[in-house]
Amino acid sequence: MAKSIILFAGRPNSGKGSLEGRLLAEYPKLFELYSVGDKLREHRRMRTEIGLKAQSYMAQGIMVPDDLIVEMVLGDIAESTKVLLVDGFPRTIGQFQAMLDAKLYPDAVFLIEISEEEALTRSFNRRVCPGCGATYTIEGGFNPPKKRAGKCDKCGEELVMREDDKPEVSQKRQNVYTTDTEPAIDSALALFNGFVIDNMDGHGFERVEAALISIGVFDDETE
Ligand code: AMP
């Protein structure tokens, strides 16, 4: 069982993935990440039953049905032994209720906040490697490929726009966040130890670290 569970929430492209990546890189012995979106993409790449079922929902930018998600998440996260950062769950009131029914009580809930307009711009500028999944921005962004323009630094593959970053789908995902996910996250913030982290200026990391210190996550760090 995980040492503690911290939910990371935020609208698509709020930057929560980068914040989690930095936490994992700086404190590798302490944290483990469980990202529902990444897990689903992995299932799709491996063409598992879950991946095949989830595919069409994901391509449209809408929610994969609750029963599929709840079964997958509750099964997967039981295996963690570290401080588990959970990204992308719960994303509906139904999932929030299932979480309570399973007595999965997070030690903290972090909401990473940016405006919808900024989220749409970030998604429009993102490119990914279809081979290894590495993420970049277009030239002129804050993280373009360093070796060859438009090519992955790690495996040289041509970078592409993620299907769900295309403008129509991206807007749809923002709308789904507002209607389905926001109520679930508001409930989680109110019921558990909630932190709202401003990430408009890209300096959310220091705020996240301060909040983690305040809840004692680093207290018995052995590094
Ligand atoms: P993400 O990369 O976290 O934005 O997730 C990509 C896609 O995976 C979403 O647009 C949904 O189609 C699906 N997804 C991720 N998490 C969930 C969830 N908790 N419930 C339902 N669908 C999800």
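Every number for a ligand or one of its atoms is a count from 1 in the order of the listing.
Pairs passing the ring-ring contact (aromatic ring centres under 6.0 Å, His included) check and including a residue from residues 102-143, sequence neighbours excluded, read Phe8-Phe110, Phe110-Phe195.
On a distance-only criterion, Gln95 and ligand 1 share at least one N/O pair closer than 3.5 Å. In terms of polar-atom proximity, Gly88 is counted as a contact of ligand 1, with an N or O under 3.5 Å from an N or O of the ligand. At least one N or O atom of Val64 sits closer than 3.5 Å to an N or O atom of ligand 1. Any N or O atom pair closer than 3.5 Å counts here, and Asp87 shares no such pair with ligand 1.
Assignment of Arg41 to the shell around ligand 1 is supported, since a heavy atom sits closer than 4.0 Å. Taking a 4.0 Å cut-off on heavy atoms, Arg44 fails to register as neighbouring ligand 1.
Neither the backbone nor the side chain of Gln60 has a heavy atom within less than 4.0 Å of ligand 1.
Comment: Lys151 engages Glu158 in a salt bridge, judged by a side-chain N to carboxylate O separation of less than 4.0 angstrom. Checked for salt-bridge contact, Asp201 and Arg207 meet the test: a charged N lies under 4.0 Å from a carboxylate O. Under 4.0 Å is where a charged nitrogen must lie from a carboxylate oxygen, and between Lys172 and Glu168 no such pair does.
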If you apply the rule side-chain contact (heavy atoms from CB on, under 4.5 Å), what do you find for Asp165 with Arg127, and how did you get there?
CA-CA 9 Å; Asp165 277 338; Arg127 295 294 180 275; over 6 Å; no
Test side-chain contact (heavy atoms from CB on, under 4.5 Å) on Leu7 and Met99 and set out the steps.
CA-CA 12 Å; Leu7 303 185; Met99 182 182 101; 4.1 Å; yes
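Here the heavy atom of the protein found nearest to atom 13 (C) of ligand 1 is Leu40 CD1, 3.6 Å.
Side-chain contact of Tyr34 with Glu79: a donor-acceptor pair under 3.5 Å is absent, judged by distance alone.
Of the listed residues (Val217, Leu30, Leu85), just one forms a side-chain contact (heavy atoms from CB on, under 4.5 Å) with Leu23, and that residue is Leu85.
Residue-ligand proximity, Arg162 to ligand 1, at heavy-atom distances under 4.0 Å covers atoms 2 (O). Contact atoms of ligand 1 toward Ile62: 11 (C), 12 (O) (distance under 4.0 Å to a heavy atom of the residue). Here is the list of ligand 1 atoms found below 4.0 Å of a heavy atom in Arg173: 1 (P), 2 (O), 4 (O), 10 (O).
In this comparison of Met72, Met58, Arg91, Gln55, the heavy atom closest to atom 5 (O) of ligand 1 sits on Arg91.
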